[in-house]
Every structure is written in C-alpha cells, then in structure tokens.
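A note on names: the letters A, B, ... follow the listed sequences, proteins ahead of strands, and every chain is numbered from 1. Note that the structure is predicted; figures quoted are calculated from it, not measured.
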Amino acid sequence: MSPALDVRKVLIVDDEADLRDIFQGILSDLNIQSEQAENGRAALDLLRQKEFHLVLCDIKMPEMDGIDCLMNAQAEGVFTPFVFVTGYGDEDKMLQAMRLGALDFISKPFDTRKVTEVIFRILEVGARKNRIHKLLANSGPEIYDNYLKNEKMISLMRIKNNKGAKGD
Amino acid sequence: MQKKPNILIVDDDVVHTVAFSSRLQRRGFDTHHIPDGKTLIELLSKNQFNLVLLDIDMPGLNGFELLKLVRKTYPAGVLPVIMLTSSNSSQNIQEAFLCGANDYIHKPVNLDAAVARIYGQLSAVELSRLHLESEKINTMNAMITTYHHEINNPLAIAIATLDALIQAQPNAIPEESIQRMRRAFSRILEILAAMKNNQQTVVRFDKYSADSKMINFKKGSLK
C-alpha cells in the first residue's frame, strides 16, 4: 500500500542546511531516499540528470528561487511534482506556484506528521500519473506522443500566463 | 469630527485683517491674527497651525525676513506660507518664492481666490503626509516580513528537531522538559503572529487624488 515499497526518491531544495537535513531525516524514517540541493539552480541540474518522484522545495532562496526552478523544470519538460515549503510573506509567490502547477505546500514551522501525510499523498499522485504514462505508452507511440505534447503545452501556457500576470 | 484648518495671519493692517479673518471663519477655518512677527516663532512652536498668511510690508522685520526665520524650522512641505502682497512687482513675487513661500495672494484680497489657494496648499501638505505615511508603513511591513522569516526558519528547525528526538527516543527526554520547550516555542510563535497582525494596511494613495481636494473644499474642512 505504501508508495515507499518501490524505490522513491525525493529532491530536497532549501538554502538552510539544517532544514534539508531535517527533511532528509523524516524521509529516511519513511524509507524514502532523498538528495539535497541548496538552491533552485543546483536543483535544476539534478533534475536534468536523475529521476525524482517529488521535489520538496523552499520558496525564498539565493541564486534561483523555488518558483523559477519550477518554471524552468517545466519548460525543459521535467514534470516532477513540486511541494513548496513556505514561510510568512510568501503568499504571493505561493499563489504563483499553485498557478504553475505546484501540488501542495507545507508551511513553516511544520508538524512532522503533516509533512509525512503530504509526502505520501503526493508520491501516490505521482505513482498514479506514472501508471497512466505506462498505460499510454503501451497503447501506442502516437497516443503517448500526443499526451506528452499536451502536457508540455499546458505547462508552457501556465508559464506564459504567469509571466503576463507578473507584469501587472 | 473633522478638525478645522487652523490659519495664522500676520499683518499690521488690523482693520482689514479682522474683516478678512472673520470671512475666513465663515468659510470653515479657524484663524488667529497677530499684527507683527514678534511672537510668530513662539506661536508656531506652541500651536498647531496648518498654514500661515504672511504680509510682506510690515514695520520691524518684514515678511521676507520673517519667512526666512520660519523656514529654518518649518519646511514648505510641512507648514505652507502664503505671502500677502499689495505690490504687483514681479521682483517681490520672485523674492517671496526664493525665501520659501508656497504661494502669494494680492491685496485687496479676493476671498474665493484666497480660499482656493489656501486649500491648494493644505491639500498638498495632506498628500505629502499621506505619501510619507504609506512609505513608512511599507518599510515597516518589509522589515516585519524579513524578521518574521529570519525567526521562523530557525524556529522550524528547533521544533522539527525536538519532534525527531521524541520520536527516536520516546522516553529519553523528561515530559516536563518537553512541555517547557513546547511552551517556549509557542511563545515565539505568538510573537510572530503578533508581528504579522501589526502589519498595517498601506494607505491607498491613489484614492486621495484630486477629487479629495474637491470634497474638502466643499466641506470647508480638512481630514
């Protein structure tokens, strides 16, 4: 039943090393593997190289913030689900993230049980999506290609809308 | 209850000023009149005047000299001064602005024009006050957000670490100590919430546009 049965990997993105370690600790207690990145840029590099099932991402970070990381990932065709970790004052950014397709958020300070609940739920969503991918892939290359194209188009539209909304 | 704008008139022509003063009162102003500048600075420091009408030609210190004195303490954006001049010479007008006047009115005074000029100055002061206030609130809000963030992060680390400790070794920490730590955390959280609630709504500057001047004008009083 638990999605941790098959190998799951979470990418933790936060500029605060202690917070990264805490998330890693929570995840390893759940038997979930994880890797760390200290900002959006480092996260993007990792997302390009490896497959992750969830990105647990801070919003405010130096170099590249969480929103830009999500936007860039989607633009490059990486559709790993994002869950954002937010503090006070991030409300506007949070809205932006949700519009871009972020799946959930965890507000700081957080309750470990709540974090666990969110992680399991989103991993389950990801697993379901993967099953759909597999099904579609099995139903023929044309259908699958169309599906991927659609997915990419939707995310590009979101990014475009988001850029428009930023301007006002 | 709206406060009437308080105007100080400095003019040695007592007869005309008394009449002018009472006409201004009928238009909704509070007025105070002195015949020369001897007590001007003292009066300004003791009372809250919104505007000064200052005659140029006076025995003793003339209007220009008095204006220079006033401007040492009260900038034009805080206390508007309108000069009263009986001459039409452009040199006088130029001199008045050089000394820090906000505007001038010709004598004999046309009441409607004078009231319009007075309101023009009062509205400008009110606008710049609102502007300053909204700047202050903006800065304050930004500061609160930053501090909130800076406190919230380490607090999140502390709370999560305590949770992890309890989970790893359920009986290692005495219950009393756990409760003490939790109380300390919730006190910090309460402070953070209070900080949040103290953020003020920014003055909607765009709402105080030209028409607010009109409203004040008609009511004959200032916010």
Side-chain angles (χ1 to χ4, degrees), chain A residues 4 10 12-32 34 36 38-39 56-62 65-67 83-97 104-120 168, chain B residues 134 136-173 175 177-202 204-207:
Chain A
V10 174
I12 303 161
V13 194
D14 202 307
D15 57 326
E16 193 101 36
D18 285 338
L19 274 177
R20 290 200 302 268
D21 289 344
I22 282 166
F23 280 125
Q24 190 146 41
I26 294 173
L27 287 162
S28 95
D29 285 346
L30 302 172
N31 283 325
I32 299 172
S34 60
Q36 301 188 2
E38 60 179 359
N39 61 46
L56 209 55
C57 191
D58 190 19
I59 287 199
K60 264 192 213 123
M61 284 179 295
D65 72 6
I67 308 290
V83 168
F84 281 101
V85 183
T86 67
Y88 173 60
D90 291 338
E91 290 82 359
D92 288 348
K93 289 261 175 196
M94 200 52 240
L95 258 175
Q96 219 182 328
D104 208 336
F105 62 96
I106 295 165
S107 56
K108 278 184 281 189
F110 44 80
D111 184 332
T112 308
R113 277 165 307 176
K114 218 171 177 180
V115 175
T116 308
E117 189 262 324
V118 171
I119 288 171
F120 272 125
D168 60 34
Chain B
S134 68
K136 244 194 269 175
I137 292 172
N138 273 335
T139 313
M140 217 25 182
N141 285 349
M143 239 169 69
I144 288 176
T145 304
T146 309
Y147 285 144
H148 200 285
H149 181 77
E150 293 303 323
I151 297 169
N152 205 35
N153 260 358
L155 181 64
I157 292 167
I159 291 175
T161 306
L162 178 63
D163 279 350
L165 275 176
I166 294 168
Q167 215 179 0
Q169 292 164 298
N171 299 314
I173 314 169
E175 185 57 30
S177 304
I178 295 174
Q179 289 313 323
R180 196 180 303 136
M181 269 190 266
R182 291 223 193 279
R183 277 200 300 275
F185 292 151
S186 44
R187 269 168 63 190
I188 301 172
L189 280 170
E190 272 165 32
I191 293 169
L192 288 177
M195 275 167 77
K196 230 195 265 194
N197 292 335
N198 267 335
Q199 284 197 326
Q200 296 172 45
T201 319
V202 179
R204 284 296 301 276
F205 199 51
D206 51 356
K207 286 198 175 154

From His149(B) atom NE2 to Lys108(A) atom NZ, the distance as rounded to the nearest 0.5 Å: 5.5 Å
Just to verify, what does Phe105(A) make a ring pair (Phe, Tyr, Trp, His ring centres under 6.0 Å) with, not counting sequence neighbours? none
Of the backbone (N, CA, C, O) and the side chain (C-beta and beyond), which part of Asp29(A) lies under 4.5 Å from a heavy atom of chain B, both, or neither? side chain
So for atom CD, which belongs to Gln169(B), do other residues, nucleotides or ligands contribute more than 12 heavy atoms lying within a distance under 6.0 Å? no
Which residues in residues 15-22 of chain A have any heavy atom closer than 4.5 Å to a heavy atom of chain B? Glu16(A), Asp18(A), Leu19(A), Ile22(A)
Among residues 150-165 of chain B, which residues come closer than 4.5 Å to chain A, judged by heavy atom distances? Asn152(B), Asn153(B), Leu155(B), Ala156(B), Ile157(B), Ile159(B), Ala160(B), Thr161(B), Asp163(B)
For atom CG of Asp92(A), decide whether the heavy atoms of other residues, nucleotides or ligands shown that lie under 6.0 angstrom number more than 12. no
Please list, in residue-number order, every residue in residues 183-192 of chain B that has a heavy atom less than 4.5 Å from any heavy atom of chain A; write 'none' if there are none. Leu189(B)
